[in-house]
Amino acid sequence: MQTDLFLPVLNAPTPAAGPTLDLGAAPRSHGAKLWLPKRVLFTPDALQEEYGQQMLASATALGLDIELLKSNRITGLRGDDERATYRTAKTTLAVVNAPAGALRLQPTPPSADFQLNLAEGCPAHCQYCYLAGSLSGPPVVRAFANLPKLLANTQVYERADRPVSFEASCYTDVLGIEHLTGALGEAVRYFAGREGARLRFVSKYDHVESLVGLPHNGHTRARASLNAEPLARQLEGGTASIEARIQALRRLALPVAQGGGGYPVGVLMAPIMPLPDWRQHYGELLDRVQAAFDFDCDLTVEFVTHRFTPGSKEVLLGWYPNTTLDLSEESRAVKRNKFGGLKYVYDVPTMKELKAWFYAEWQRRFPHAPVQYWT
């Protein structure tokens, strides 16, 4: 299967047919709508947890359709086809207990030392979704009711020689569901008291008000996922606009005395794609970030280029059959891992040109904000 549009790689010719990206539209500034699932499922095990009861109270207060399940299995999510299954799952929140295996934390370089999954599944509709092919079954959002146990378990992984970092955004957008779970706020408060641990999260949402006044002790780094305006507009459904994300991150970074949160912050530039006139579009994005962060703060950046696997491509084309995302394998290089799995990445000349430009442009604007990695 092929997509409807192949985004050119650097100076490759533009295809003659198919949907095209809107490259000239003015930046938007809208915030994200709160995600309110059509139904919220609670398993018996989740309701045995005090934190599960708190989430039940929150869902009840919001007037959501609540179903108390008779078993711990989540069923009834599959529709007549993949699109129907997607629609049902993406409008469902399941409150469950994370399985025992979740206590065996997995390394997640280069983002952090370990994953700390407060939930799985995401309410957004990003057409390049990195969860496609990573999580099995319908893409339902699962929030974990045994959160206190998950947080306490991180102490096992602390070290004496340096703080250990934990990434909370590997399998969900924690800020996008915070109004339903409160899990991110709990994690921020917990890590504030841990000298040997640091929390990291990244989001495409802008609902940061509940985080601003939390005691964090500088132990949580809040990051915003940003991309060129045409890509965000067309590929990141259900999320806050780029401008709203930048302003939300600015709010978290501002000193407390100025009404901000005083957090260490970061920009995750992802997924970088060499769309037509990519230097112009990404340059405009970097200019907007520079204008927002016109004060001293602890700022970092991470650069992640677009990549996909054969499995994720199949899933994504089932979810978004009319996508304008470039999933053509012919213009990519193959990268294999030690287990024999493969992913399609940009070729070496493309990666070198992108990396050189992004490093130079970032460091020119932010000479004291380190680049954490390029991948």
Side-chain angles (χ1 to χ4, degrees), residues 5 7 19-36 90 122-131 141 169 172-180 184 201-212 222-254 259-261 263 265-273 275-295 297 299 301-304 306 319-320 322-325 358 361-362 365-366:
L5 172 72
L7 294 180
T20 58
L21 287 168
D22 182 358
L23 299 176
R28 300 176 298 174
S29 59
H30 67 274
K33 293 181 179 179
L34 285 176
W35 180 63
L36 297 176
K90 278 286 194 173
C122 177
H125 302 274
C126 298
Q127 294 178 32
Y128 52 77
C129 180
Y130 288 122
L131 299 185
V141 178
S169 302
T172 190
D173 190 311
V174 284
L175 191 57
I177 58 175
E178 177 67 3
H179 58 291
L180 299 167
L184 179 56
F201 76 91
V202 64
S203 180
K204 294 187 181 78
Y205 288 82
D206 63 317
H207 310 303
V208 299
E209 191 61 37
S210 65
L211 303 181
V212 170
R223 294 121 72 216
S225 176
L226 304 178
N227 213 329
E229 188 73 27
L231 296 175
R233 177 187 301 273
Q234 198 148 328
L235 300 178
E236 298 179 349
T239 64
S241 66
I242 293 297
E243 187 61 27
R245 297 179 214 173
I246 292 173
Q247 294 305 318
L249 192 67
R250 172 184 167 86
R251 177 78 189 281
L252 290 176
L254 278 170
Y263 284 83
V265 295
V267 167
L268 174 64
M269 200 75 69
I272 294 169
M273 302 181 196
L275 72 163
D277 298 323
W278 59 270
R279 293 175 185 81
Q280 172 191 336
H281 294 293
Y282 282 110
E284 291 171 352
L285 172 60
L286 291 173
D287 287 344
R288 292 163 66 184
V289 176
Q290 183 180 24
F293 289 87
D294 56 351
F295 57 95
C297 64
L299 174 68
V301 69
E302 302 150 76
F303 294 120
V304 179
H306 180 242
W319 289 353
Y320 309 107
N322 298 315
T323 185
T324 57
L325 176 65
F358 274 93
E361 292 298 313
W362 178 267
R365 293 171 176 85
F366 300 101

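The chain is numbered in sequence order, starting from 1.
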**Message:** Please determine whether side chain to side chain contact (heavy atoms under 4.5 Å, CB included) holds for the pair Leu275 and His281, giving the CA-CA distance in whole Å, both sets of side-chain angles, and the decisive distance to 0.1 Å.
**Reply:** CA-CA 9 Å; Leu275 72 163; His281 294 293; 4.0 Å; yes
**Asked** Heavy-atom distance under 4.5 Å between the side chains of Tyr320 and His125, does that happen here?
**Response** yes
**Prompt:** Which pair of non-hydrogen atoms, one from Tyr130 and one from Pro271, has the smallest distance, and what is that distance?
**Reply:** OH-CB, 3.0 Å
**Fill in**
Minimal heavy-atom distance between Met269 and Phe358, with the atoms involved, is CG-CE2, 4.2 Å
**Asked** Would Gln290 and Phe366 count as a side chain to side chain contact (heavy atoms under 4.5 Å, CB included) if you check the C-alpha gap in whole Å, the side-chain angles of each, and the deciding distance to 0.1 Å?
**Response** CA-CA 8 Å; Gln290 183 180 24; Phe366 300 101; 3.9 Å; yes
**Request:** Check step by step if salt bridge (Lys or Arg N to Asp or Glu O under 4.0 Å) holds for Arg288 and Glu229.
**Result:** CA-CA 11 Å; Arg288 292 163 66 184; Glu229 188 73 27; 2.8 Å; yes
**Request:** Could you pull out the closest heavy-atom pair between Thr239 and Cys126, with the gap in Å?
**Result:** CG2-SG, 4.3 Å
**Request:** Fit a plane to each ring of Phe303 and Trp362, take the angle between them on a 0 to 90° scale, and name the class: parallel (under 30°), tilted (30 to 60°) or perpendicular (over 60°).
**Result:** perpendicular
**Request:** Would you confirm whether Arg223, through its side chain, and Phe201, through its main-chain N or O, come within 3.5 Å as a donor-acceptor pair?
**Result:** yes
**Complete:** Residue set satisfying ring-ring contact (aromatic ring centres under 6.0 Å, His included) with Trp35, at least two apart, ordered chain then number -> none
**Interatomic spacing from CG in Leu231 to CG in Leu285 - rounded to 0.5 Å** = 10.0 Å
**Nearest-0.5 Å distance, CD of residue Gln127 to OG1 of residue Thr323** = 3.5 Å
**Item:** Qualifying residues under side chain to side chain contact (heavy atoms under 4.5 Å, CB included), relative to Ala253, sequence neighbours excluded
**Value:** Val265, Phe293, Phe295, Cys297
**Message:** Among Ser169, Ser210, Ser203, which residue satisfies the side chain to side chain contact (heavy atoms under 4.5 Å, CB included) criterion with Leu175?
**Reply:** Ser203
**Item:** Spatial distance of atom CG (Leu325) from atom CD (Gln234) [nearest 0.5 Å]
**Value:** 10.5 Å
**Prompt:** Nearest heavy-atom pair of Glu361 and Leu286: which atoms, and what distance?
**Reply:** CB-CD1, 3.7 Å
**Prompt:** In chain order, what residues pass the salt bridge (Lys or Arg N to Asp or Glu O under 4.0 Å) check against Glu209, with sequence neighbours excluded?
**Reply:** Arg251
**Message:** Applying side chain to side chain donor-acceptor pair (under 3.5 Å), can you list everything that pairs with Thr172, at least two apart in sequence or on another chain?
**Reply:** none
**Message:** Evaluate Lys90 against Val141 for side chain to side chain contact (heavy atoms under 4.5 Å, CB included), listing each step before the verdict.
**Reply:** CA-CA 7 Å; Lys90 278 286 194 173; Val141 178; 5.9 Å; no
**Message:** When you measure from the side chain of Asn227 to the backbone of Ile272, do you find a donor-acceptor pair of N or O atoms at a distance under 3.5 Å?
**Reply:** no
**Request:** Can you measure from CG (Asp277) to OH (Tyr282) and round to the nearest 0.5 angstrom?
**Result:** 12.5 Å
**Message:** Strictly distance-based, threshold 3.5 Å: is any side-chain N or O of Arg250 a donor or acceptor partner for the main-chain N or O of Ala292?
**Reply:** yes
**Asked** Can you name the closest pair of heavy atoms from Ala32 and Ala240 and give their distance?
**Response** CB-N, 3.5 Å
**Item:** Rounded distance (nearest 0.5 Å) linking atom CD of Glu243 with atom CG of Asp206
**Value:** 11.0 Å
**Item:** Minimal non-hydrogen separation, Tyr128 against Lys204, with atom names
**Value:** OH-CE, 2.9 Å
**salt bridge (Lys or Arg N to Asp or Glu O under 4.0 Å) partners for Arg245, two or more places apart** = Glu236
**Request:** With sequence neighbours excluded, tell me which residues meet ring-ring contact (aromatic ring centres under 6.0 Å, His included) with Tyr263.
**Result:** His216
**Message:** Tell me if a side-chain donor or acceptor on His207 pairs with a main-chain N or O of Glu178 at a distance below 3.5 Å.
**Reply:** no
**Prompt:** Between Asp173 and Gly176, is there a donor-acceptor pair closer than 3.5 Å when you use the side chain of the first and the backbone of the second?
**Reply:** yes
**Message:** Quick check for you: to the nearest 0.5 Å, what is the distance between Leu254 atom CG and Gln247 atom CD?
**Reply:** 9.0 Å
**Message:** I'd like to know whether Val208 forms a side chain to side chain contact (heavy atoms under 4.5 Å, CB included) with Leu249, so could you lay out the CA-CA distance, the side-chain angles of the two residues, the decisive distance to 0.1 Å, and finally the verdict.
**Reply:** CA-CA 8 Å; Val208 299; Leu249 192 67; over 6 Å; no
